[in-house]
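One is the number of the first residue; the rest follow in order along the sequence. Note that the structure is a prediction, hence the values are computed from the model and not measured. When a ligand or atom number is given, it counts from 1 through the structure's own listing order.
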Amino acid sequence: MSEQKIPQVTAKRLPLYYRYLEKLHAIGKKRVSSAQLSDALQIDPATIRRDFSYLGELGKKGYGYNVNYLLQFLRDFLRQDEVTNVVLVGVGHLGTALLGYNFYRSHNTKIVAGFDVDSGKVGKEVDGIPVYSMSRFSEVRELHQVEVAILTVPASVAQPTTNQIVDAGVRGILNFTPARLTVPSHVRMHNIDLTIELQTLIYFLKHFPVDEEDLLDFPEGEKG
Ligand SMILES: NC(=O)c1ccc[n+]([C@@H]2O[C@H](COP(=O)([O-])OP(=O)(O)OC[C@H]3O[C@@H](n4cnc5c(N)ncnc54)[C@H](O)[C@@H]3O)[C@@H](O)[C@H]2O)c1
């Protein structure tokens, strides 16, 4: 099956399923229903069934999904065995926190280097990750074959920093700055705006409160 056919919203949820299935596998669970997945991940069961339907025949209705099979399927699909090296630019408050986190929950992403212009930070390590001067960006990116960068610099320097890292070969940017950045068409930019996320949550709570009845309305045979 080609990945292009899967909607972006579904593709975004696949790593969540993968992580949870890994946990189930670790405790020896063989089967899981969409209702159980729904409880654990707070995604409604209909959405889960729809997501999995894009992946092909993965389970029988009312019988749940085979954990091993689903895990293997998602591993291949997401190429979880392949490690993608990532760099982080701007080792300040947020950058330091992200370096410390280093996406341990996802085994396939690893921050290999941080970059900063502050001479007090360059040459040091944060949680074992070396911090380099921006002047070495090209060289270090090349060394680790990195195509993805996390951007946590001040908004005022976000565009020139973006230009610099794109010129050096970065093709994907996770932008934590509030700046809306311009990139060439071959570069993919994802913006993470915590203020917007928080405001959206508050809006949804106000206007679409979660209906307990809806959550309990699982089809027979899917209850876990
Ligand atoms: N702190 C948060 O909770 C938070 C949350 C959401 C978004 N943000 C955004 O993330 C960004 C970073 O926030 P912060 O609080 O960590 O700021 P910060 O000032 O603590 O850190 C910024 C870091 O970037 C470095 N830097 C400055 N110019 C640079 C350049 N040209 N190249 C490389 N590094 C450079 C600085 O030396 C510093 O270490 C900001 O754009 C902020 O708006 C922060």
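At distances below 3.5 Å, at least one donor-acceptor pair connects side-chain atoms of Arg141 with backbone N or O atoms of Ala168.
Nearest-residue assignment for atom 5 (C) of ligand 1 (options Thr195, Leu194, Val131; heavy-atom criterion): Leu194.
Under 4.0 angstrom from ligand 1, the non-hydrogen atoms of Leu94 come from both its backbone and its side chain. Residue Ile192 does not touch ligand 1, judged by heavy-atom distances below 4.0 Å.
His190 and Asn175 share no donor-acceptor pair across their side chains, judged by distance under 3.5 Å alone. Of the N and O atoms on the side chains of Tyr18 and Arg75, at least one donor lies less than 3.5 Å from an acceptor on the other residue.
Looking at Phe115 next to ligand 1, no N or O pair under 3.5 Å apart turns up. Polar contact check, Lys121 against ligand 1: a nitrogen or oxygen pair lies under 3.5 Å apart.
Ranking the protein heavy atoms by distance from atom 31 (N) of ligand 1 puts Thr161 OG1, 3.5 Å first. Regarding atom 15 (O) of ligand 1, its nearest protein heavy-atom neighbour is His93 CB, 3.8 Å. When only non-hydrogen protein atoms are considered, atom 38 (C) of ligand 1 lies nearest to Asp116 OD2, 3.6 Å.
Taking every non-hydrogen atom of Met134 and a distance limit under 4.0 Å, the qualifying atoms of ligand 1 come out as 32 (N), 33 (C). Those atoms of ligand 1 that come under 4.0 Å of a heavy atom in Pro178, given as number and element, are 41 (O), 43 (O). Proximity to Ala155 (heavy-atom distance under 4.0 Å) selects the following atoms of ligand 1: 41 (O).
Counting protein heavy atoms under 4.0 angstrom from atom 43 (O) of ligand 1 gives one or more.
Here Tyr65 and Phe52 bring their ring centres to under 6.0 angstrom of each other.
Classified by interplanar angle (parallel below 30°, tilted 30° to 60°, perpendicular above 60°), the ring pair Phe77/Phe73 is parallel.
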